[in-house]
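Below is one structure, written out as structure tokens, with a few remarks after it.
The model shown is predicted, which means the values in this text are computed figures rather than measured ones.
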Amino acid sequence: MSEPEQEFRPDRLLWTRRTSLTARILAVNIIALGLLAGSLFYLDNYRRELLAERFVLAKGQAEIAAQALSIADRSERRKLVGQIGIQQGIRLRLFDRRDRLIADSFKLAEPSFTFAEAGEEPWYQHAARALDRGMDFVLGAPPIPDHVEPEETSGKLWPEVAETRRTRITAIRHRNAPDGTPVISAAVAFGQRGDVLLTTQNPTDITQNVRDARQTLAIIVGAALLVSIQLSLFLARTIVLPLRELVRAAVRVRLGRDREVVVPRLPERRDEIGLLARAVSDMTTALRQRIDAVESFAADVAHEIKNPLASLQSALESLDKVENPEIRSQLMAIAAHDVKRIDRLVTEISEASRIDAELSRTEFEPVDIVRLVTALVAARDERGENGSCTVTINRDGHGYVVPGDAARLERVLENLLDNAVSFSPPHSQIAITLSREPGRILTAVADEGPGIPSDVRERVFERFNSLRPVDEDFGSHSGLGLAIARTIVEAHGGTLSATDKPDGTPGACLIIDLPDWESR
């Protein structure tokens, strides 16, 4: 026996209780894209690395320029300052020991760069700066001061110049231009006179590179988001719509207002939804059949019990009006017969109503049919239940073992033998024949009675069937025997059918077809 499956606990998924399936599918896909979008924040590391490289470059440029100026004649310094500014794309300011401006490359030559004014730029640049500020706020980046050109030319207005004079170490400062691009300044002390060189550059390519990377990633994430939403909605529709259709059909079945509710089977779907639809459809059909059978059974029970009750009531009412002892005795016999008949009906009805439920919980075991039949026939002979009939057992081999419940299968054979005895003439023979087919075990019970006409062979298995011998005592059978037998056989995965005798002689032949234990 297989291990029981782990019980599903819906309380483990509390977050899904009040969320629709569509929302959950969208959430799962959007969360994954949200994690991808989080990589936008890592571009800030990329920007810091670029700035660090430019700080090193700016320091090297300033120190090289200072070294070149220190070995040049003082008369050549102004000219050299202008040339270096043009060649390196930077601005050079040269201050003496009193922080007076000696030379400015922007005054000595054409400016190598200009700051873009924020108010004069197109809208997308404003959007880019807003995105930059948003990223800085989310990441908690330290604020960068704005670059403001002093109105005076004194070196004292530049903190990096003062730091260099104090420490004799190259000082670097980072500020933001009006358009949000970085401004990097480097101050270097050189010479014996206490001169200081201040270089300023505006590497706009850093900001542009970061914005381009961010824009590309944002476009990719946005496009992936749109595609993901569309695919999620498509997936949700392919799942949710058929489920809703199944729910509506199930509700109509539950309400019972529409007798012919058609539960969609979705034959074109080969996935789990299709399997569910077909399972629900089959379940609904089986439920309808079960309900119809219960209603029909209830009607038949009422009809069958009503007859003996009416006879019993008539007999009891007549007792008070009859003085003749012989007639009173006959009436009492009729009443007793009707009571036995009602008792038999109630017993058989109770048996028939609980067979399905009991067999659904029964664990089948190997049942030796030969041993079962032999013991049953011997017991019936001892009790005299076979009457004057002779019951023979025929088999063409050994190992007739089927999976099932021995007591229930014995009940099937008991009912078939009862039926055969009731239809058999005195001193006739009833043959039980065991045979085998691939994967199946056949048990045939044949009598020498009148047989069963081909047009009523299925009716004999209906409940309360009354095709009994004309000379049989009325009410001695409930009409449930063969119906109960077929129910038990079908619950064992087999069939019970009525045919002619194989040798063509008169009589009925009822065949039990059950699976072989070894072929399971």
Side-chain angles (χ1 to χ4, degrees), residues 367-381 384-402 404 408-472 476-490 492-516:
V367 178
D368 189 334
I369 295 295
V370 175
R371 183 179 299 177
L372 183 67
V373 170
T374 302
L376 176 62
V377 171
R380 287 177 62 88
D381 283 337
E385 294 179 353
N386 293 328
S388 62
C389 297
T390 301
V391 181
T392 61
I393 302 173
N394 308 309
R395 63 180 187 272
D396 56 1
H398 299 279
Y400 294 94
V401 180
V402 300
R408 290 297 182 183
L409 293 177
E410 181 180 353
R411 176 62 187 275
V412 173
L413 293 168
E414 186 90 50
N415 288 0
L416 297 189
L417 287 173
D418 284 342
N419 182 79
V421 169
S422 67
F423 281 96
S424 296
H427 308 290
S428 61
Q429 186 176 12
I430 298 174
I432 301 177
T433 303
L434 301 175
S435 60
R436 186 191 305 276
E437 290 184 356
R440 313 294 296 181
I441 301 295
L442 305 182
T443 305
V445 179
D447 59 50
E448 296 180 352
I452 305 174
S454 59
D455 58 338
V456 296
R457 284 177 182 168
E458 282 301 311
R459 286 178 53 194
V460 299
F461 298 105
E462 296 176 1
R463 289 167 174 167
F464 305 110
N465 179 265
S466 59
L467 298 176
R468 307 301 306 170
V470 295
D471 57 345
E472 186 179 81
S476 60
H477 288 83
S478 65
L480 288 171
L482 293 182
I484 291 175
R486 172 172 271 190
T487 300
I488 295 174
V489 171
E490 290 179 348
H492 283 72
T495 60
L496 175 60
S497 58
T499 64
D500 293 324
K501 294 175 65 175
D503 57 7
T505 59
C509 181
L510 299 176
I511 300 177
I512 305 171
D513 183 342
L514 291 171
D516 191 344

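Of the candidates Val370, Thr392, Leu417, Asn394, Ile432 forms a side chain to side chain contact (heavy atoms under 4.5 Å, CB included) with just one, namely Leu417. When each of Val391, Val377, Asn386 is tested with Ile430 by the rule side chain to side chain contact (heavy atoms under 4.5 Å, CB included), just one qualifies, namely Val391.
Here the straight-line distance linking atom OG1 of Thr499 with atom CG of Leu510 works out to 7.5 Å at 0.5 Å rounding. Between Glu437 atom CD and Leu442 atom CG the span is 4.5 Å, to the nearest 0.5 Å. With rounding to the nearest 0.5 angstrom, the CG atom of Leu434 is 7.5 Å from the CD1 atom of Ile369. To the nearest 0.5 angstrom, Leu409 atom CG is 11.5 Å from Leu376 atom CG.
Between the side chain of Thr374 and the backbone N or O of Arg371, no donor-acceptor pair lies under 3.5 Å. Asp447 contributes a side-chain N or O that, together with a main-chain N or O of Ala508, makes up a donor-acceptor pair within less than 3.5 Å.
Val412 is not listed as a side-chain neighbour of His492, based on a closest heavy-atom distance of 4.5 Å or more. Residues Leu496 and Leu416 meet the side-chain proximity criterion, which asks for heavy atoms closer than 4.5 Å. The side-chain heavy atoms of Val373 and Leu413, taken from C-beta on, include a pair separated by under 4.5 Å. You'll find the side chain of Ile441 reaches within 4.5 Å of the side chain of Arg436, heavy atoms only.
Scanning both residues, Ala498 and Ile452, for their nearest heavy atoms gives CB-CD1, 4.0 Å. Closest heavy-atom contact between Cys389 and Pro425: SG-O, 4.0 Å. In plain terms, the two heavy atoms of Tyr400 and Arg395 that are nearest each other are CE1-CB, 3.9 Å. Summarising the geometry of Ser388 relative to His427, their closest heavy-atom pair is OG-N, 2.9 Å, with the distance given to 0.1 Å. Contact between Lys501 and Pro506 at its shortest, heavy atoms only, is CD-O, 3.3 Å. Of all non-hydrogen atoms in Asn415 and Ala485, the two that sit nearest each other are ND2-N, 4.2 Å.
Within the structure, side chain to side chain donor-acceptor pair (under 3.5 Å) contacts touching residues 449-458 (residues at least two apart or in different chains) are Arg457-Asp500, Glu458-Arg486.
A salt bridge is defined here as a Lys NZ or Arg NE, NH1 or NH2 lying under 4.0 Å from an Asp or Glu carboxylate O, and Asp418 with Arg411 fails to meet this definition.
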